[in-house]
Each structure stands twice: as C-alpha cells, then as structure tokens.
Participant: 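Have a look at the structure that comes next, please.
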Amino acid sequence: MKKFFLFSTIFIVGKLHIFATSDNKEIKEAIYYLNELRKSSGLIELKEDEKLNKSSKNHLNYIILNNQNSHEEEKGKRGFTGKTPYDRALFVGYPLSYVIENSTASSKANSALKGVNELFNAIYHRINFLNFYTEDIGAASYHNKDYYYKNQYVFNMGVKRPKTPSQIAKKNSSIIVWPYQNYYAAKPAFFNTENPDPLPECPKGGSVGNPISVQFNPEKFDKLKFRLIYFKLFDTNGEEITDTKILHQGNDYHLKKFDEKIYILFPMKRLDWNKRYRVKIKYFYNNKEFDKTWSFKTKMLNYEIITLNDINKIYNVQAGKTYAFYIRPQNCQDIDEIIIKSEGAETTLLNQIDFNTRVIKIGNDIGKIVNLTAKSGKVFKVKIINQKSGSYNFVKRVYRSILGREGDKGGIEYWSKIVNQKSAAFVVYNFFQTKEFKNLNLDNKAYIASLYETLLNREPDFTGLNYWNQFLKENPNSRDILFYKFAFSKEFQNLCKTYKIKPISKEEKIEAFIKRFYVYALKRKTDQAGLSYWKNELLQKRKKAKDLAKFFLLSQEFKNMNISENSFVKILYKTLFDREPSKDELNYWSKKAREDSRKHLIDIFLNSKEFSKIVASYDIKL
C-alpha cells in the first residue's frame, strides 16, 4: 500500500502552544467538520484516536523546535520520534497497517477547522483527506501571533491492525467527487502555492479555477478495465468551459503515488464568485459506458461584485455603495492582479479578499469618473451614478443568492415593485418557489445555506448549519417553517433596514402561523385551500388563534394519527409555543396527558401567557 505525505512550508520560531488532547475543543471541532465533508462526499467518518493525536503533536513539536517543516525527521535533532509518519505512529504505540499525513501553515486559518478548509483548496492535500483507506485520525495545532505564518496544523490518519486498508475502502462509496453535489461554498480560485506543485507551468501565486476532483474506489473498480471518456465543466448559462487541464496518473507524477484512479480538472481561468457550475463525466468500465452529473456553487461575498475585464469600458457604480471589485486574470501568469490605487473621486479602498478581489466604498460624487489602477498598471474606469432604490438593489441580491445568476433588468424592476407592494420576505419566498430554483434540486444543507445568504447576507456558520439541518431531518416538509424562522429574525429585519424596505407583512405572518399546524401537528404539506380559508378568516378577524389551534388539534385527522402522550405534548409545544419542551416539562405534561383528557390539556396551553406572547408575535388576535 502506497503512502503519501503532504505539507506546505513555513519557518517557525517562538514559544510553544501546541494542543492535541482528546478534550481540546479546537481539534474536536476540526475533526467533526472534516467528517461532515467526508460524509457529504460519500466516505465514512474518521474516529479520533489518542495515539494519532499524540503522533501529530510530537511531529508538530519537532517542526517548531527545529524550524524544519517536513514529513521526515532527522535522528539526533530535538523532539525526534521517528523518521516518517509511519515510524512516529509506531513510536506512540499505534498498531498501524496504514498511515498518511497532512500538514499546513497559514496566517489566515486561525483555527484547525479553517486549516481543514485550506487543505481542501490544495488538490493533493484534499485527496489525502478524501482517502478511501483511513478510519482513524489525530491532529495537532499551533498558534503564535508573532510568526509571519501564525498557525500550523498536522493531521495523521490511519488504520489499525488487524484491519486492512482494503477492508476500510469497501465501506466507502464507489466514486468521490469534490466539490460534492450541491456544495455551496467552493472557492473560485486556486492560487499556485501548493507543495508539491500541480501546475509547474504557472508561477507561484498564479491563479486558475479551483480544481474539481474525481476519485474511483480501487476496491470497486479494476483500473485495467477503466477508461475516462470525458470530464467537462459548464457555467451558469450551460456553456462548456473548454480552457481546462486534466491531471491523472498518466501525466502527473504525484498522482502515481495514489492507489485509486484519480482525475483532476483545473479550469485554467478562475471561476466567478457566487455562481453555480455543473460537472459531467463519462467513463468506460468493463465494456460499458457510464456517466455522472453534479453541480456546486462558489462562495458568496457580502457585496455586489463588479468584474473588471475591459480597460476600454466604463462601469457604472452607485453612489454611497460598497462593492467587491474583481479582476479576472487572463491566465495564470497574471499574478496579484488587484486594485491598489483609486483616483478621480472620493472612494475608500477596504479589505483585500484575495489576490484578485478588493472591497471598495464608493463616494457621493455623482457623475464623476473614478480611475482604479491595478498592480499590473491597468486602469479601469467606473462612473458614479445615482443610487438605485433599496428594493431594486435587494432584488439584485436575491437573483444572485437564490438562483446563482444575475437578474435581467425587466425581472429586477418587476420584483422590486412587488417588494414595495408586499414585502421583502414575500419576494424571497416566491423565488424559492420558482421552477428554476426547484430544478436545482438542492439538498437540505444547500437550501439552508441559501437562506443564510439571502435573508442574513452571510454564509452559514458551521454550528448553525448543522443545527438547522437536524431541524429539517426531524420535521419533514418543514422548509417553509424554516424560511419563516429566518424571515422573522432580527438579522433579516436589520438587513431590510439597510435597504429601507419592509421585511414581512401581516399576511405572511399569519401564513407562517397556520403552516406550523400542518407541519408539526398533521405531519404533512400545507393544502392551499385550507391555508387560504384560515388566512382569510384570521385576516378578517372572523376567527381567532385559539379557533385555529382547536380545529387542528381536535380534528379527526389528528386523532387518527394515534400518537403517544409524549408525542402529543411535543406537538403542543411546537405548534403553540414554537419550541421544544424541556425534559422536565415533557415528563410533567405527559403524565398529565395520561391522567386527564387531551382536550383539557389543549385548553390549558391555549390560556397560557406563553401562547399569548407567541400569538402577538404573529400579529394575530388571540
């Protein structure tokens, strides 16, 4: 079995702060995150192993003590525990049959979780993390603000005897792709700084598109019976991106060190921010042809993006707005192509997102031309125009965040009128109901990410993403419920304030209240006739919140479900209090439900202060 060790180089000095114990939150979080990525790709989870934690920590200690960033250690030097990762794992008593190592240093990745992200953006390191053969992992981290590179990480992965790598590989999927189906935060660019170098024809720091990788499980594919027919990438409009380079074991020395069949497609120009892409492969195996298609989205930015690619064009920008100006390099020889100077009118150069993207705040000198000078000397012209309405700019965002494309002028104008007539939430909800969005076939995590981007103007934090994903798993048909939770949030209200638009209408609040009974109580999708009836009754104040609650919770349909006392109490809390009961609350009211009639329990809940507050938050008459 071949072993492949990967690293990136850094010079290290200073005081030690190394963490690799099993109770260390940072390491546990990074391993959990890595496992989520692996599971989404079709691989088994890795189990944290104390001995591999120790071998990772020992090697990190060696690197720091000797200013020597390598997978090999030299006997006689401080901290030496073994020449190779294999030797170091044996040294700590790990009964290995297989071991691999990943290592990286970064000034930006200030946590082990972010270190995992950076390694996924480095193609050979990514493949090590998506290895078919491993089931154990250990890790260590180092942080020191006095370093030029402030953070360093070591990850050791392996298999214990008597298990063999082939036994582990059989547990995994046949094909692993990255970015995986519906991944929502792929980096658009690969900057050529990886060691070893996958693109020797490009200078260090030159940028191309982030590579797409495909790995075929060697326990499920005989390499001798296998042939790739094509590997294609398509943009948002369905046009094939033909300027690509495909690496494989036949043309890349480093890939020969891996046992599985691997193909890596590099777009030779970087991808765009916040856009959807589609990938298609066709391969020949055992005298038959097969194909596979999937899609992913690149990372969003919190700003409208202006792509600068023509020095003879004048780009319009709105007064007082902040933009991300992005220069798409012509090829990987265009290094560090970024705006460094602004002249002609008031502007403020803000943070640099990457080597090609800079945030700039535009002043209020309407009609003036701003000259933006790039590091290469190219000058791009932008003209400051009057700011569009808040509803217009909001709808432009909605097109990008939900559909992953720019909106047409007519569509933006139409929906901006609807924002003013109805609300921001009404428009966003209707975008989620479009055929175009539904045809994307997003899984729950990708849908949640879209909610974060659209309604909160940010990517999901890891904890929040997993929390809401669990919510959708536990509550079938609850995407609408989750949408309204986001639309009711303080973050969405604050976002709408910046656009000077109404977040949500009374009618939508009532809809949200009604839908909870369909999802939580009847465990099914909302029927339009029932929704329209109850919405109209509540709007016209012919019925009250209590009437609605009793109708659903005392209905024959609900009774026919024959649910337990525990389940009944949980439904009361969800539908009437919009929350889960505590353990004590569940035990207390379940006992009451066994002793008393359910109708009586419903009345107690309906007359509570908590229900009264919930009803008031939905702007409904009690």
Participant: Mind checking what makes side-chain contact (heavy atoms from CB on, under 4.5 Å) contact with Lys77, not counting sequence neighbours?
Facilitator: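 Listed in chain order: Tyr62, Asn66, Gln68, Glu74.
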Participant: What heavy-atom pair brings Phe258 and Ile262 nearest, and what distance separates the two atoms?
Facilitator: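 Where Phe258 meets Ile262 most closely, the heavy atoms are CB-CD1, 3.5 Å.
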Participant: With sequence neighbours excluded, what pairs up with Thr244 under the side-chain contact (heavy atoms from CB on, under 4.5 Å) test?
Facilitator: Ile241, Leu265
Participant: Does any donor atom in the side chain of Lys28 or Asn24 lie under 3.5 Å from an acceptor atom in the other side chain?
Facilitator: no
Participant: If you measure only the distance, is there a donor-acceptor pair under 3.5 Å linking the side chains of Asn53 and Glu48?
Facilitator: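 Indeed, the side chains of Asn53 and Glu48 share at least one donor-acceptor pair under 3.5 Å.
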Participant: Is there a donor-acceptor contact under 3.5 Å linking the side chains of Asn144 and Gln152?
Facilitator: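 Note: Asn144 and Gln152 side chains miss the donor-acceptor criterion.
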Participant: Kindly write out the residues that satisfy side chain to side chain donor-acceptor pair (under 3.5 Å) with Asp461, not counting sequence neighbours, or none if the list is empty.
Facilitator: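 With sequence neighbours excluded, Asp461 shows a side chain to side chain donor-acceptor pair (under 3.5 Å) to Arg458, given in chain and number order.
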Participant: If the condition is side-chain contact (heavy atoms from CB on, under 4.5 Å), which residues does Thr307 pass it with, not counting sequence neighbours?
Facilitator: Ile305, Asn309, Tyr326, Arg328
Participant: Does Tyr32 have any ring-ring contact (aromatic ring centres under 6.0 Å, His included) partners at least two apart in sequence or in another chain, and if so, which?
Facilitator: Phe462
Participant: Given 3.5 Å as the limit, does a donor-acceptor pair link the side chain of Thr298 with the main chain of Asn274, or not?
Facilitator: yes
Participant: Which label fits Phe221 and Phe216: parallel for a plane angle under 30°, tilted from 30 to 60°, or perpendicular past 60°?
Facilitator: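 Ring orientation, 0 to 90° scale: perpendicular.
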Participant: Could you tell me whether the side chain of Lys220 and the main chain of Asn172 form a donor-acceptor pair under 3.5 Å?
Facilitator: yes
Participant: Does anything in residues 297-307 pair up under salt bridge (charged side-chain N to carboxylate O under 4.0 Å, His left out), and if so which pairs, sequence neighbours excluded?
Facilitator: Lys297-Glu453, Lys299-Glu459, Glu304-Lys321, Glu304-Lys396
Participant: Look only at the side chain of Asp272 and the backbone of Lys275, and say whether a donor-acceptor pair between them is shorter than 3.5 Å.
Facilitator: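 Flag not set: sc Asp272 to bb Lys275 has no pair under 3.5 Å.
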Participant: Ser111 vs Glu26, test: side chain to side chain donor-acceptor pair (under 3.5 Å). Steps then yes/no.
Facilitator: CA-CA 7 Å; Ser111 72; Glu26 178 191 6; 5.4 Å; no
Participant: Checking side-chain polar atoms at under 3.5 Å, does Ser55 have a donor or acceptor matched by the opposite partner on Asn58?
Facilitator: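 Note: Ser55 and Asn58 side chains miss the donor-acceptor criterion.
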Participant: Compare every heavy atom of Tyr94 with every heavy atom of Asp136, then report the nearest pair and how far apart it is.
Facilitator: OD2-OH, 2.7 Å
Participant: For Tyr452, check side chain to side chain donor-acceptor pair (under 3.5 Å) against everything at least two apart and list the hits.
Facilitator: none
Participant: Quick one: list whatever passes side chain to side chain donor-acceptor pair (under 3.5 Å) with Ser342, sequence neighbours left out.
Facilitator: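 So Ser342 forms a side chain to side chain donor-acceptor pair (under 3.5 Å) with Thr347.
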Participant: Are the charged groups of Asp354 and Arg270 less than 4.0 angstrom apart, N to O?
Facilitator: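 Yes, charged N to carboxylate O under 4.0 Å.
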Participant: Evaluate side chain to side chain donor-acceptor pair (under 3.5 Å) for Lys57 paired with Asn61, printing each intermediate quantity in order.
Facilitator: CA-CA 6 Å; Lys57 181 177 179 180; Asn61 184 57; over 6 Å; no
Participant: Is it the case that Asn117 and Tyr33 place a side-chain donor and acceptor less than 3.5 Å from each other?
Facilitator: yes
Participant: Salt bridge (charged side-chain N to carboxylate O under 4.0 Å, His left out): which pairs involve residues 226-247, sequence neighbours left out?
Facilitator: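 Every salt bridge (charged side-chain N to carboxylate O under 4.0 Å, His left out) pair that includes a residue of residues 226-247, provided the two are not neighbours, is Glu201-Lys245.
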Participant: Once side-chain contact (heavy atoms from CB on, under 4.5 Å) is applied, do any residues pair with Arg397, and if so which ones, sequence neighbours excluded?
Facilitator: Phe394, Arg400, Asn457, Leu495, Tyr499
Participant: To the nearest 0.5 Å, how far apart are CG in Asn128 and CD1 in Ile100?
Facilitator: 4.0 Å
Participant: Indicate the atoms forming the closest heavy-atom contact of Tyr315 with Asp310, along with that distance.
Facilitator: OH-N, 3.1 Å
Participant: Side chain of Ser173, backbone of Gly42: donor and acceptor closer than 3.5 Å?
Facilitator: yes
Participant: May I have all residue pairs that pass side chain to side chain donor-acceptor pair (under 3.5 Å) and include part of residues 368-382, sequence neighbours excluded?
Facilitator: Asp336-Lys375, Glu337-Ser376, Asn371-Lys381
Participant: Is it the case that the side chains of Ser106 and Asn151 hold a donor-acceptor pair, with the cut-off being a distance below 3.5 Å and no angle test?
Facilitator: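 There is no such pair between these side chains.
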Participant: Do any pairs count as a side chain to side chain donor-acceptor pair (under 3.5 Å) and have a residue in residues 174-192, sequence neighbours left out, and if so which ones?
Facilitator: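 As it turns out, the side chain to side chain donor-acceptor pair (under 3.5 Å) pairs with a partner in residues 174-192, which skip direct neighbours, are Asn192-Asp197.
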Participant: Cationic tip of Arg358 within the cone over Phe325's six-membered ring, i.e. under 6.0 Å and within 45° of the normal?
Facilitator: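 Negative - Arg358 is either too far from the ring of Phe325 or too far off its axis.
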